[in-house]
K.L.:
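Supplied in structure tokens, the structure appears directly below.
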Number of protein chains: 2
Amino acid sequence: MREYYTITELTREFEISTRTLRFYEDEGLIQPVRRGRTRLFRPSDRHLVKQIMRGKRLGFSISEIREIIQMYREPPGEVGQLKLMIKRIEEKRGDLRQKRRDLEETLAELDQAEESCVERLVELGVNT
Amino acid sequence: MREYYTITELTREFEISTRTLRFYEDEGLIQPVRRGRTRLFRPSDRHLVKQIMRGKRLGFSISEIREIIQMYREPPGEVGQLKLMIKRIEEKRGDLRQKRRDLEETLAELDQAEESCVERLVELGVNT
DNA sequence: CATGGCATTTACGTAAAAGTCAATTGCGCC
DNA sequence: GGCGCAATTGACTTTTACGTAAATGCCATG
């Protein structure tokens with residue numbers, strides 16, 4: 001496991017710009033350490049970026065991603081906070097389960113669409 | 001099955017604004033018929049809206065949704081077009097499978113996070 | 001027939017999530 | 001110590017997906 005990654009290493013790995021990484025820092029999603037003014041990304045920062053990209057692909061907004069990231073952190077010490085956290089996690093899971101249903105339905109419809117196309121090709125006498 | 005739906009019926013059903021439905025029409029996603037100037041939404045239009053909302057929840061942009069919707073339509077008659085269509089469908093399915101992986105990973109991490117919270121509650125002697 | 005309630009069009013506004021550009025600044029190296 | 005390159009900051013711009021306001025049409029109801 002590497003000690004640190006530079007900003008450009010991460011931009012290459014995740015195919016995003018430096019602007020984007022700095023934007024995520026401004027938004028409080030990541031807090032790379034500094035040597036002088038230069039950002040140094042630890043493995044944990046890199047992992048956060050991975051989680052952010054996942055969230056993006058799933059259509060979550062920055063603030064939703066921020067919420068999710070907070071859920072991955074150490075559980076709070078106070079009972080009320082803990083219960084609230086659990087409630088929030090449950091809500092997000094509800095979100096995700098809805099997305100899963102949407103996903104399966106869409107995949108099923110695309111399967112159907114593809115089959116229609118293939119059938120049509122067969123009708124036209126094309127060797128598949 | 002109803003003949004027609006009014007715009008407000010659909011806004012209530014899908015919890016979106018009239019502005020949004022008109023916007024989708026401008027974008028060519030739906031083409032409700034007219035009585036005078038008033039839009040009448042057929043069951044097929046309603047189904048399209050349902051598919052649009054699904055796409056939105058999955059984080060697809062309007063133009064991606066437009067592409068997906070075109071895939072649901074009648075397969076084209078020409079062989080080249082058909083093959084192209086099949087290729088595009090395959091690409092979208094790749095997208096969706098990636099999203100599914102992202103989804104499962106996120107769900108797994110949320111499960112973990114919730115368990116940590118529950119454990120913490122037990123440590124604190126709270127009856128769950 | 002005027003009032004209320006939807007509906008429509010046109011036009012401008014806006015928030016989120018970056019992209020782009022310019023002007024530095026620091027660092028490794030010869 | 002000068003060069004070149006990567007990194008930084010800050011300001012401005014852009015795109016997407018609608019929101020909002022203003023002016024007006026259409027029609028049923030009292």
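Hydrogens, waters and symmetry mates play no part in the numbers below; they use all other heavy atoms, side chains included. The sequence lines fix the lettering, A, B, ..., with proteins before strands; numbering per chain opens at 1. Please read these numbers as outputs of a predicted model, since none were measured by experiment.
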K.L.:
Taking any heavy-atom pair under 4.0 Å as a contact, classify S17(A): base, sugar-phosphate, or nothing.
P.N.:
sugar-phosphate
K.L.:
Counting the atoms with a prime plus P, OP1 and OP2 as sugar-phosphate, which does R34(A) contact under 4.0 Å by heavy atoms, base, sugar-phosphate, or nothing?
P.N.:
sugar-phosphate
K.L.:
Looking at CD1 of I65(A) and CD1 of I52(A), how far apart are the two atoms once the value is rounded to the nearest 0.5 Å?
P.N.:
6.5 Å
K.L.:
Do S17(B) and T20(B) get their side chains close enough for a donor-acceptor pair, meaning under 3.5 Å?
P.N.:
yes
K.L.:
Hey, which of these two, G36(A) or F60(A), hits DNA chain C nearer its 5' end, going by closest nucleotide?
P.N.:
F60(A)
K.L.:
Send over the distance from D26(A) CG to dG19(C) C1', rounded to a whole Å.
P.N.:
15 Å
K.L.:
May I ask you to say what I16(A) touches in the nucleic acid, namely base, sugar-phosphate or nothing, with a heavy-atom cut-off under 4.0 Å?
P.N.:
nothing
K.L.:
What is the distance from CD of E15(A) to C1' of dA18(C), rounded to the nearest Å?
P.N.:
16 Å
K.L.:
The side chain of Y24(B) is closest to which nucleotide in this list: dC18(D), dT8(D), dG25(D)?
P.N.:
dC18(D)
K.L.:
Would you confirm whether K99(A), through its side chain, and R57(B), through its main-chain N or O, come within 3.5 Å as a donor-acceptor pair?
P.N.:
yes
K.L.:
With a 4.0 Å cut-off on heavy atoms, is T6(A) in touch with a base, just the backbone sugar-phosphate, or nothing at all?
P.N.:
sugar-phosphate
K.L.:
Using the salt bridge (Lys or Arg N to Asp or Glu O under 4.0 Å) rule, take K56(B) and E15(B) through it: C-alpha gap first, then chi angles, then the decisive distance, then the call.
P.N.:
CA-CA 13 Å; K56(B) 286 214 55 184; E15(B) 303 196 278; over 6 Å; no
K.L.:
Could you give the distance from CG (L48(B)) to CZ (R73(B)), rounded to the nearest 0.5 Å?
P.N.:
8.0 Å
K.L.:
I7(B) side chain: which of dT9(D), dA17(D), dA7(C) is closest?
P.N.:
dA7(C)
K.L.:
The side chain of K56(B) lies closest to which of these nucleotides: dA17(D), dA17(C), dT8(C)?
P.N.:
dA17(D)
K.L.:
Looking for any heavy atom pair under 4.0 Å, which part of the strands does R22(A) touch: base, sugar-phosphate only, or nothing?
P.N.:
base
K.L.:
Looking at dG19(D), dT9(C), dC6(C), which one has an atom nearest to any side-chain atom of T8(B)?
P.N.:
dC6(C)
K.L.:
Consider the side chain of T20(A), meaning its heavy atoms from C-beta on, and name the nucleotide among dG19(C), dT9(C), dC18(D) that approaches it most closely.
P.N.:
dG19(C)
K.L.:
What's the CZ-C1' distance between F23(A) and dT13(D), to the nearest Å?
P.N.:
15 Å
K.L.:
Taking T106(B) as the fixed residue, which of K92(A), R93(A), R54(A) is the one that meets the side chain to side chain contact (heavy atoms under 4.5 Å, CB included) rule?
P.N.:
R54(A)
K.L.:
With axes from five pairs an end, tell me the bend angle of the helix from dC1(C)-dG30(D) to dC30(C)-dG1(D), nearest 10°.
P.N.:
10°
K.L.:
Please write out which residues are connected to L40(B) in a hydrophobic cluster, directly or through intermediates, given that two of Ile, Leu, Val, Met, Phe, Trp, Tyr count as joined at side-chain heavy-atom separations below 4.5 angstrom.
P.N.:
Y4(B), V33(B)
K.L.:
Check the distance between dT14(C)'s C1' and R19(B)'s CZ and give it to me in whole angstrom.
P.N.:
12 Å
